[in-house]
Amino acid sequence: MSIVKINALTVPAEQREVLEKRFGARAGTVDSSDGFEWFELLRPVEGTDQYLVYTRWRDEESFQAWMEGPMKAAHQGGAQGGAGGEGGERPKPAASGSTLWSFEVVQQAGPKQV
């Protein structure tokens with residue numbers, strides 16, 4: 001079965017739009033990674049300032065390969081949308097904290113086909 005990684009990002013209200021725009025600008029960068037199955041950015045509605053970044057992977061090895069390759073390059077400015085521009089400084093992070101949760105998928109269901 002697949003594995004799920006949820007990154008809980010603490011995002012101050014004044015940084016929400018920045019965070020969403022940054023994720024939007026990087027749309028598609030994880031999609032072609034081997035073993036990638038799903039992505040969702042979840043905006044809090046009430047009671048928390050944490051966004052959840054949900055990704056599902058074929059296995060732990062696929063996730064780790066992405067972390068050490070494309071994700072690392074993007075966060076170091078080595079991929080498009082990583083740094084603030086040629087010769088520019090890296091933009092300040094939109095999140096003030098981050099916690100990564102890991103899960104194994106043990107059951108799943110989808111809508112019944114009619």
Side-chain angles (χ1 to χ4, degrees):
M1 277 275 185
S2 303
I3 64 156
V4 169
K5 300 292 182 171
I6 298 174
N7 195 0
L9 302 174
T10 303
V11 182
E14 66 274 7
Q15 291 293 336
R16 286 179 165 200
E17 187 175 339
V18 171
L19 179 88
E20 291 179 23
K21 283 184 180 179
R22 287 181 186 170
F23 269 94
R26 288 201 319 242
T29 59
V30 71
D31 300 11
S32 60
S33 295
D34 184 48
F36 169 78
E37 295 178 355
W38 198 260
F39 163 85
E40 291 178 331
L41 176 62
L42 306 176
R43 177 192 303 138
V45 177
E46 60 183 321
T48 185
D49 59 356
Q50 290 190 316
Y51 275 71
L52 300 181
V53 182
Y54 173 100
T55 56
R56 189 173 68 211
W57 299 85
R58 176 180 58 227
D59 51 34
E60 183 68 25
E61 293 75 21
S62 298
F63 172 74
Q64 291 300 328
W66 174 75
M67 286 284 290
E68 290 302 315
M71 194 284 299
K72 192 174 193 177
H75 283 83
Q76 292 175 344
Q80 196 173 19
E86 208 172 314
E89 290 188 28
R90 285 188 45 75
K92 178 184 171 214
S96 62
S98 171
T99 303
L100 183 64
W101 301 329
S102 299
F103 300 88
E104 292 179 332
V105 177
V106 293
Q107 293 184 26
Q108 63 184 14
K112 290 187 178 186
Q113 300 297 321
V114 182

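Predicted model only: the values in this text are computed from it and were never measured.
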- Query: Does the side chain of Q15 come within less than 4.5 Å of L19's, by heavy atoms?
  - Reply: no
- Item | Exercise: identify the closest heavy-atom pair between W57 and D34 | CZ3-O, 4.1 Å
- Check which hydrophobic residues are tied to V114 through side-chain heavy-atom contacts below 4.5 Å, counting indirect links as well, and list them. none
- Task: Kindly write out the residues that satisfy side-chain hydrogen bond (donor to acceptor under 3.5 Å, both in side chains) with T48, not counting sequence neighbours, or none if the list is empty.
- Result: none
- E17 atom CD, over 12 foreign heavy atoms within 6.0 Å: no
- Message: According to side-chain hydrogen bond (donor to acceptor under 3.5 Å, both in side chains), who are the partners of D49, at least two apart in sequence or on a separate chain?
- Response: none
- Shortest non-hydrogen separation from R22 to K92 and the atoms involved: NH1-O, 2.7 Å
- Say whether F23 and V30 are linked into one hydrophobic cluster, either directly or through other cluster members, by side-chain heavy-atom distances under 4.5 angstrom. yes
- Item | Same apolar cluster (I L V M F W Y, side chains within < 4.5 Å links), L100/L9 | yes
- Pair listing, side-chain hydrogen bond (donor to acceptor under 3.5 Å, both in side chains) test, anchored in residues 100-114, at least two apart: K5-S102
- Message: Quick check: is L52 connected to W66 through a chain of hydrophobic side chains (ILVMFWY, heavy atoms under 4.5 Å apart)?
- Response: no
- Query: Judged by modelled atom types alone, do E68 and Q64 share a side-chain donor-acceptor pair under 3.5 Å?
  - Reply: no
- Task: Report yes if some heavy atom in the side chain of P44 is under 4.5 Å from a heavy atom in the side chain of R16; otherwise report no.
- Result: yes
Which pairs would a plain distance check flag for residues 35-43, meaning a side-chain donor or acceptor within less than 3.5 Å of a matching protein atom at least two apart in sequence or in another chain?
residue : atom : partner : partner atom : Å
E37     : OE1  : S2      : OG           : 2.5
E37     : OE1  : R56     : NE           : 3.1
E37     : OE2  : S2      : OG           : 3.2
W38     : NE1  : E40     : OE2          : 3.2
R43     : NE   : E20     : OE2          : 2.7
R43     : NH2  : E20     : OE1          : 2.8
R43     : NH2  : E20     : OE2          : 3.4

- Partner set under side-chain hydrogen bond (donor to acceptor under 3.5 Å, both in side chains) for S33, not counting sequence neighbours: none
- Query: Do the non-hydrogen side-chain atoms of D59 and I3 ever get within less than 4.5 Å of each other?
  - Reply: no
- Task: Any chance you could measure Y54, atom OH, to I6, atom CD1, to the nearest 0.5 Å?
- Result: 7.0 Å
- Query: With side chains defined as the heavy atoms from C-beta onward, is the minimum distance between T99 and N7 less than 4.5 Å?
  - Reply: no
